Every structure is written in C-alpha cells, then in structure tokens.
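Have a look at the structure below, then the notes.
Every value quoted in this text rests on a predicted model; they were computed, and no experiment measured them. By convention here, the first residue in the shown sequence is residue 1.
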Amino acid sequence: MPRSLSVQTETELGGALSVLTLQRRDHQRLDLLLERVANTTGGERQDALTALCRLVFPHAFAEEAVLWPLVRRTLPDGEALTLRVEQEHQEINELFTDLEQTDPGSLQHLQLFGRIAELLRQDARDEEDVLLPKLQEALDPRALRRAGVLWLAVRYTAPTRPHPTVARRPPGNALAALPLTGLDRSRDRLDQLSRRAPAPLAAGCRGASRSLATVAGAVEHLPPLRRGEHPSTRT
C-alpha cells in the first residue's frame, strides 16, 4: 500500500529536487501561512494573505502545467485523480476571487477564509496521502527529480493571483502564464506598498492595482486561455 509523503524521509522521496520533496515543502509552508493569517489582523494579516497567494497559486499552476499531465500519462486512474484536484483548485480560485472583493474586516471575509483554509488543507492531504504516493510507485527517483526541476521552473514564473476563468489544463493555462504573471506580481508590489506609503501615494498604488486587475480580468477571458479545460472546472 502506498505510504503518505508526510511520513517519508527526503531520501525516500527521491532527494532534495524530487517533485515529491518540493510539493511537501510547500505544503509545510502552507500550514505556517494559514496559521499566520488566522492569528493576525489589519495590515499584517493582508501581508500574510499576499504571501499565502504567492505560495498557493504558483504551486497550483506548476501542478496543473507540469505535474498533473505527467500523472495522466503515467497512471491508469490519473484522469480521475487529477480531475478531483483540479476541481478543488477551481473552487479555491473562485473563493479567493470573492475574498479579494470583500471587506477585510468583515465577518464574511473571515468565513470565506475559513472555507479556503479548509479546502487548502484537504487538497494537500489528498495529494500527499493518495495521488503523489501512486506517482512515486510508478516513477524512479531520477524521473521524479526531472519533474521537480521543471516544476520549479514553472512555479517561479507563474501567476500569483486567482484566475478562475483560465483553464486548469494546458494549453490554456500555459498561454496565460506570460501576461498574467507580470500583471499579478506588479499588483502584489503595489498592494504591499499601499499598506506602508503615505496616504496620497497609497491611494495612487491602490488605483494602479485596480487598473491592472481590470486588465488581468480582460486577459483571462480571452478564448485561447480557456482551451483544454474540463467542463467541470469552467466558470
């Protein structure tokens, strides 16, 4: 019976560059950031949410662009396994989009974040306990390290914001990477600056971020960016 990644050593997972090691490392960071968001308020909480998004969305994007296609090619039940995770990713994207449009000090914001945290933890458990151990049984350590290097390359050049309209599968998500990554990362910097700058500059940063959000919304609705998606993850 496959063993959960959570109880294995780094050597058993295939080494430091194995995609299994990299996935588990991000999941550990996820737990810390979820706790940080839950236990802070005001600007500190918003900074923690930004850090959480900069972890969650590049991680998921790298899974959808690199790892899940590999799972579908490798495992007989890969389609069913990855579709379940993609559906979880889609719901997380939709909830984060709602969260961005909700007053950070409201009860609704807290409730939305509670649901997001629940889904993120479930997603990590599904991957570590079921999906990735099956991939581990099918691939040797060298193949896992090759996948890890490609996964890392995509993760560090991926969008950092929710984009529920973009396909959860290639080629749509791959086409979305270039325009949305630049827009997202620019918005991250503007939003962080707006929480620290004097009032006039802060207002300008917020306005610029909203303008970039409008551009990103138009970009993600381009038809080529919907190509390849499963009907169950379509918004």
Side-chain angles (χ1 to χ4, degrees), residues 5 18-20 22-24 26-27 30 53-98 116 119-120 122-139 143-144 146-185 215-235:
L5 304 192
S18 165
V19 71
L20 306 180
L22 299 172
Q23 287 276 120
R24 188 176 69 178
D26 268 9
H27 292 164
L30 172 68
C53 288
R54 290 179 71 93
L55 171 70
V56 166
F57 292 109
H59 175 101
F61 190 92
E63 288 179 338
E64 293 167 356
V66 175
L67 195 51
W68 301 160
L70 174 62
V71 170
R72 287 191 285 272
R73 292 194 303 269
T74 304
L75 301 180
D77 57 348
E79 172 65 29
L81 289 169
T82 58
L83 180 58
R84 177 181 174 182
V85 177
E86 287 166 345
Q87 290 165 343
E88 290 174 346
H89 286 185
Q90 181 64 24
E91 185 175 358
I92 290 166
N93 269 261
E94 292 170 2
L95 287 168
F96 260 111
T97 299
D98 291 342
I116 287 169
L119 275 173
L120 287 171
Q122 182 60 52
D123 181 66
R125 299 291 76 76
D126 288 344
E127 292 172 9
E128 288 194 14
D129 296 344
V130 180
L131 193 158
L132 295 174
K134 288 189 174 185
L135 184 66
Q136 182 182 28
E137 288 190 329
L139 297 178
L144 293 170
R146 284 199 300 268
V149 170
L150 183 55
W151 182 91
L152 268 181
V154 172
R155 184 192 180 289
Y156 283 116
T157 56
T160 61
R161 298 267 177 154
H163 296 288
T165 307
V166 172
R168 307 262 69 84
R169 296 188 177 190
N173 58 1
L175 294 171
L178 182 60
L180 292 179
T181 296
L183 289 166
D184 286 358
R185 292 172 186 259
V215 175
V219 168
E220 72 175 79
H221 281 81
L222 294 174
L225 276 57
R226 307 293 299 271
R227 290 175 55 197
E229 72 179 326
H230 190 275
S232 67
T233 62
R234 177 180 291 273
T235 296

Item to complete: Could you pull out all residues at least two apart from F57 that satisfy ring-ring contact (aromatic ring centres under 6.0 Å, His included)?
Response: F96
Worksheet item: Of all heavy-atom pairs between A167 and G172, which one has the smallest distance, and what is that distance?
Response: CB-CA, 4.1 Å
Discussion item. I want to check something: taking the side chain as every heavy atom from C-beta on, are E220 and P164 in contact at a cut-off of under 4.5 Å?
Written reply: yes
Fill in: Heavy-atom donor-acceptor pair, D184 side chain to P159 backbone, under 3.5 Å
no
Worksheet item: So does R125 have more than 12 non-hydrogen atoms from other groups sitting under 6.0 Å from CZ?
Response: yes
Discussion item. For a 4.5 angstrom cut-off between non-hydrogen side-chain atoms, does Q87 reach L83?
Written reply: yes
Item to complete: Give a yes or no on whether the backbone of P162 and the side-chain of N93 come within a donor-acceptor separation of less than 3.5 Å.
Response: no
Practice prompt. Would you list the pairs meeting salt bridge (Lys or Arg N to Asp or Glu O under 4.0 Å) in which at least one residue belongs to residues 57-66, sequence neighbours left out?
Written response: E64-R168
Fill in: Rounded distance (nearest 0.5 Å) linking atom CG of L22 with atom CZ of R155
8.5 Å
Response to the item:
Closest heavy-atom pair, T157 versus A153, reported as atoms and distance to 0.1 Å, is OG1-O, 3.0 Å
Practice prompt. Would you name the heavy atoms of A65 and P170 that are closest together and state the gap between them?
Written response: O-CG, 4.3 Å
Item to complete: Under the side-chain contact (heavy atoms from CB on, under 4.5 Å) rule, collect the residues that match up with D98, sequence neighbours excluded.
Response: L112
Practice prompt. Evaluate side-chain hydrogen bond (donor to acceptor under 3.5 Å, both in side chains) for E86 paired with Q90, printing each intermediate quantity in order.
Written response: CA-CA 6 Å; E86 287 166 345; Q90 181 64 24; over 6 Å; no
Worksheet item: So does L178 have more than 12 non-hydrogen atoms from other groups sitting under 6.0 Å from CG?
Response: no
Worksheet item: Which is it for V85 and D123 under the side-chain contact (heavy atoms from CB on, under 4.5 Å) test, yes or no, and what are the steps along the way?
Response: CA-CA 7 Å; V85 177; D123 181 66; 3.3 Å; yes
Item to complete: Applying salt bridge (charged side-chain N to carboxylate O under 4.0 Å, His left out), name anything that partners D129, two or more places apart in sequence or on another chain.
Response: none
Response to the item:
By side-chain contact (heavy atoms from CB on, under 4.5 Å), E91 pairs with (sequence neighbours left out) L95, R115, L119
Worksheet item: Do L67 and L135 have side-chain heavy atoms sitting under 4.5 Å apart?
Response: yes
Fill in: Separation between NE2 of H230 and OG1 of T82, rounded to the nearest 0.5 Å
9.0 Å
Worksheet entry | Test side-chain contact (heavy atoms from CB on, under 4.5 Å) applied to R54 and R185, step by step | CA-CA 9 Å; R54 290 179 71 93; R185 292 172 186 259; 3.6 Å; yes
Item to complete: I would like to know whether L70 and L150 meet side-chain contact (heavy atoms from CB on, under 4.5 Å); could you show each step before the answer?
Response: CA-CA 11 Å; L70 174 62; L150 183 55; over 6 Å; no
Worksheet item: Quick one: CG on L139 to OG on S18, what's the gap to the nearest 0.5 Å?
Response: 9.5 Å
Discussion item. Side chains of L131 and D126, heavy atoms from C-beta outward: is any pair under 4.5 Å?
Written reply: no
Practice prompt. Locate the shortest heavy-atom distance separating A177 from T181; write the atom from each residue and the value.
Written response: O-OG1, 2.6 Å
Practice prompt. Run the salt-bridge test on R169 and E79 with the 4.0 Å N-O cut-off and return the result as yes or no.
Written response: yes
Item to complete: Looking only at non-hydrogen atoms, find the nearest pair between A216 and L180 and report the distance.
Response: O-CD2, 3.9 Å
Fill in: Under 3.5 Å donor-acceptor, R24 side chain and L5 backbone
yes
Practice prompt. Mind listing the closest non-hydrogen atom pair of T160 and P58 along with its distance?
Written response: CG2-CG, 3.9 Å
Practice prompt. Could you check if a side-chain atom of T165 sits within less than 4.5 angstrom of a side-chain atom of R226, using non-hydrogen atoms only?
Written response: yes
Worksheet item: What residues form a ring-ring contact (aromatic ring centres under 6.0 Å, His included) with H59, not counting sequence neighbours?
Response: H27, W151
Worksheet item: Are the side chain of T74 and the backbone of V71 linked by a donor-acceptor contact shorter than 3.5 Å?
Response: no
Discussion item. Under a 3.5 Å threshold, yes or no: a donor from one side chain and an acceptor from the other, between E88 and Q122?
Written reply: no
